[in-house]
Amino acid sequence: MYTISEKIIAFLSPETIEPQALEQLINTSESPVLAHHLAVMPDCHYGKGSTVGSVIPTTGGIIPAAVGVDIGCGMIAVETTLSASQLPDNLNRIETGIERRIPLGVGAKNAKITPTAQERIERLENKAAGIDYRTFSGWQEQLGTLGSGNHFVEVCLDEAQQVWLVLHSGSRGVGNRIASHHIKIAQKLMELRKVPLKDRDLAYLPEEAPEFKDYIRDLLWAQDYALANREEMMDRAMTELSFTLFGEAGHGQAFTKQRINCHHNFTQMETHFGKNMWITRKGAIQMKQAQLGVIPGSMGTRSYIVSGLGNADSYDSAPHGAGRRMSRNKARETFTMQDLEQAMQGVASRLRPSLIDEIPGAYKDIDEVMENSRELVKIEHTLKQIVNVKGD
């Protein structure tokens, strides 16, 4: 652990933090609503709104852009009772089957809403209490869709050759719409109140304002949507695994050992240092003592199932993944399809030029991230990807 200032504690060497991200952290640490110190995770990098891989405690208000536009983005992992020996020789069958069941890419929607999705939609509609969620009328059709960028579905093997399914996604278009709506409101409110900020994206919603209550209502709903979205997709992936291996399109409950579902872009009220605070984790997971979580590496490397050590200085937190070490544009300038194919040897995946910016070389070394996380988590399982599914 390193002390950058009285308001910033980092779990990686400050010299390894990119200058833009460091400036962003300093700006965030000067927010009027900051309740205590910032905790910087080992995978931190410059981000939109605030530094990815930061834990931001606030009182008296919340910074919507710090939560980000993919509210509730996170991971779900299922440990199965299956072993590697039960998988087919041709893993591409699983890859194409998952793609058939889960719509991929920007704006992807379901052509048909499944019975399990309908149940989840009805629960979300009841929670919405008739609110149209910023006129985004397609959220029902998007429940159970992956998205693009670094969102993925993977089949992995642990150190005992047990099969795991791991999935990364969030609240899709409706989460983006909700976040963008409230970020603009916060910025306008700061202008009206003449609150000086180092960065407009540090605009906050004061707790006494009605706009704050509206944001919390929408934020919590979007976080519930993200959880349900991951659950629906995992059900479909497990169904495909059941169908491929046994010729039965069951939902896979028969060979589910445990399921872990965790956000890494979210806000909730917690108590730390004897004080109630809003804890915003932007690219970080909650890791209370013995709590289970998922820290994914870049595709083609390794991912980790971890348990928390309950580190007080981190607000019981840990990193959310490998973290980018270069921008998407820089990655596309640096790497080629040949580089991508070489990096993904041994992994069944539909590779194409649009995925070059997701190449492992564009990300930080996950092993270094985990080494820097030794005060935060205990590694329970190390997973190696054998199937990777991504949207464009």
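For this chain, numbers begin at 1 and follow the sequence in order.
- Defined by atom type and a distance below 3.5 Å, a donor-acceptor pair is missing between the side-chain atoms of Asp218 and His181.
- With rounding to the nearest 0.5 Å, the separation of CD in Glu23 from OG1 in Thr51 is 10.0 Å.
- Less than 6.0 angstrom separates the ring centroid of His37 from the ring centroid of Phe273.
- A salt bridge is defined here as a Lys NZ or Arg NE, NH1 or NH2 lying under 4.0 Å from an Asp or Glu carboxylate O, and Arg193 with Glu208 meets this definition.
- Exactly one of Leu82, Val163, Thr80 qualifies for a side chain to side chain contact (heavy atoms under 4.5 Å, CB included) with Val155. That residue is Val163.
- Taking CG of Asp365 as the reference point, atom CZ of Arg325 lies at 9.5 Å (rounded to 0.5 Å).
- Between the side chains of Gln286 and Glu270, at least one donor N or O sits under 3.5 Å from an acceptor N or O.
- Looking at Lys364, its side chain does come within 3.5 Å of a backbone N or O of Cys44 through a donor-acceptor pair.
- Under the 3.5 Å distance criterion, the side-chain polar atoms of His151 are matched with a main-chain donor or acceptor of Leu146.
- Between the side chain of Asn229 and the backbone N or O of Gly144 there is at least one donor-acceptor pair closer than 3.5 Å.
- Under 3.5 Å, the side chains of Ser13 and Glu15 contain a donor-acceptor pair of N or O atoms.
- For the residue pair Gln187 / Asp201, a side-chain donor-acceptor distance below 3.5 Å is found, with atom types taken as modelled.
- For the 3.5 Å distance criterion, the side chains of Glu232 and Thr116 qualify, holding a donor opposite an acceptor.
- Judged purely by atom type and a 3.5 angstrom limit, Glu231 has no side-chain atom pairing as donor or acceptor with the backbone of Ile76.
- When Glu154, Glu358, Glu99 are each tested for a salt bridge (Lys or Arg N to Asp or Glu O under 4.0 Å) with Lys390, only one passes: Glu358.
- Using a 3.5 Å distance cut-off with no hydrogens or angles, the side chains of Asn126 and Arg123 do not pair a donor with an acceptor.
- Applying the 6.0 Å contact sphere to CZ of Arg200 captures no more than 12 heavy atoms from other residues, nucleotides or ligands.
- Side chain of Arg352 to main chain of Arg350: a donor-acceptor pair is present (N/O by atom type, distance under 3.5 Å, no hydrogens or angles).
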Worked check of salt bridge (charged side-chain N to carboxylate O under 4.0 Å, His left out) between Asp357 and Arg332: CA-CA 5 Å; Asp357 57 14; Arg332 284 190 286 267; 2.5 Å; yes
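- Neither side chain, Asp199 nor Gln24, offers a donor N or O lying under 3.5 Å from an acceptor on the other.
- Residues Asn176 and Ser180 have side chains that bring a donor and an acceptor to within less than 3.5 angstrom of each other.
- Side chain to side chain, Arg101 and Thr239 fail the donor-acceptor criterion of an N or O pair below 3.5 Å.
- Tracing side-chain contacts under 4.5 Å through hydrophobic residues (I, L, V, M, F, W, Y), one never reaches Leu167 starting from Leu383; they form parts of separate clusters.
- Note on ring orientation: taking the six-membered ring where Trp is involved, the planes of Trp164 and His381 are tilted (angle from 30° to 60°).
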